[in-house]
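Below you'll find the structure, written out as structure tokens, and then a few comments.
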There are 2 protein chains.
Amino acid sequence: MTQNDASWTERALRALSEAGFRSGGGRRQVVDLLGEEDCALTALEIDRRLPSVGRATVYRALEQLEALGLIQRVDVKGDAAGFERVDPGGRHHHHIVCQQCGRVVAFEDDRLEQAIIALGTRPDFTVSSHEVTLRGECASCGLQSS
Amino acid sequence: MTQNDASWTERALRALSEAGFRSGGGRRQVVDLLGEEDCALTALEIDRRLPSVGRATVYRALEQLEALGLIQRVDVKGDAAGFERVDPGGRHHHHIVCQQCGRVVAFEDDRLEQAIIALGTRPDFTVSSHEVTLRGECASCGLQSS
DNA sequence: ATCTGTGCAAATAGTTTGCATCCTC
DNA sequence: GAGGATGCAAACTATTTGCACAGAT
């Protein structure tokens, strides 16, 4: 996935510059990290992994990236919001979360996507994105409680 | 829906009592309110609507009701967690959220449910619930920005 | 030189916890 | 009477904002 990641990072940096943002060091590090990571990170996780970047900068960068459609917010981390990159071509995954240990696993399913696309044509709403979250118990947690 | 709501309220009160909880006044009001409401409420909305009930009691009641499977948490209210009752018979809805004004509309779709049920049979996870959220722009917000 | 980006610290919003008291069983 | 239920206030966690300064253009 390294090649794909690199392309997201490039695309993000280009989009930021086209949107008139200057290229400071803090946001750049956030972009690099999000480009390397395949699944959701919380703002605080990013802040912890980038000790030289201020917390406010992390939140501001995430806000800007989300507004440009480069990342999306997902609800898989409990209290905190998770953020993950939006890859080009509409290809994306959804999440299954263990309610015991919090483990998050990604999955893709064409049939599910078809069903959701069919739902997207509504008179009262223009649907631009969707999120599916499955919740349950992962195999290792299941063993322990039995 | 009045009859259905009443039955959820009854069922919830019975389940609480069977679980060994005493019948205090605060939790009772929370249960009544959730039984009357068809879609998600946040803890603070409930707290505001029940001035005689302490905030901590609201959160504690929600925690207990969720643990008993009587309500579920949904991510449609932005920062705050939304809670809505779980109706018997597995019948349930999902949500579409306007990213401009925050309006939430519920919908049901059999094809979507079928696709998700098919996904539920996984070796590594026992899926017990799922949540689908569509995001976009509602008709009235769309008019204003055009 | 100008004006954006950044870090720090203070302020908010949502949620949880400690504790004394009230009330159910 | 004993122990759970409740309200209030303090504590916490996640997020946002104010502000002075560094750095990009």
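The structure presented is a predicted model; accordingly, all values stated were derived computationally and were not measured. Proteins get letters first, then strands, A, B, ... in listed order; numbering begins at 1 in each.
Distance D75(A) CG to dA14(D) P: 14 Å, rounded to the nearest Å. Protein atom CG of L16(B) is 15 Å distant from nucleotide atom C1' of dT24(C), rounded to whole Å. Across the protein-nucleic acid pair, E63(B) atom CD and dA5(D) atom P stand 12 Å apart, rounded to whole Å. Q29(A) places its CD atom 16 Å from the P atom of dG5(C), with the value rounded to the nearest Å. Following rounding to the nearest Å, K77(B) (NZ) and dA13(C) (P) show an atom-to-atom distance of 18 Å. The separation between D79(A) atom CG and dG14(C) atom P is 14 Å, rounded to whole Å. Here the P atom of nucleotide dG14(C) and the CG atom of L41(B) are 14 Å apart, to the nearest Å. Atom C1' of nucleotide dG14(C) and atom CG of L62(B) are separated by 13 Å, given to the nearest angstrom.
A salt bridge links R49(B) with E37(B): at least one charged nitrogen is closer than 4.0 Å to a carboxylate oxygen.
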Let me see the working for R91(B) and E108(B) under salt bridge (Lys or Arg N to Asp or Glu O under 4.0 Å), right down to the final yes or no.
CA-CA 9 Å; R91(B) 181 180 190 78; E108(B) 296 181 39; 3.2 Å; yes
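What you find for A115(A) and L112(B) is that their closest heavy atoms are CB-CA, 4.0 Å. Here the closest non-hydrogen pair linking C138(A) and R103(A) is CB-NH2, 3.5 Å.
For H92(A), the ring pair (Phe, Tyr, Trp, His ring centres under 6.0 Å) partners at least two apart in sequence or on another chain are H94(A), H130(A).
Between R27(B) and dA5(D) there is a side-chain polar atom (N or O) within less than 4.0 angstrom of OP1 or OP2.
Nearest-nucleotide positions on DNA chain C place G25(A) closer to the 5' end than the other of G25(A) and S23(B). Across the interface with DNA chain C, nearest-nucleotide mapping of G24(B) and A43(B) shows A43(B) to be the residue nearer the 5′ end.
Put simply, the side chain of R22(B) and the base of dC23(C) share no donor and acceptor less than 3.5 Å apart.
Of the residues in residues 46-60 of chain A, those placing a heavy atom less than 4.0 Å from an atom of DNA chain C are S52(A), V53(A), G54(A), A56(A), T57(A), R60(A), in numerical order.
Counting only heavy atoms from C-beta outward, the side chains of V31(A) and L70(A) never approach each other to under 4.5 Å.
A side-chain donor-acceptor contact under 3.5 Å links R27(B) to the backbone of R22(B).
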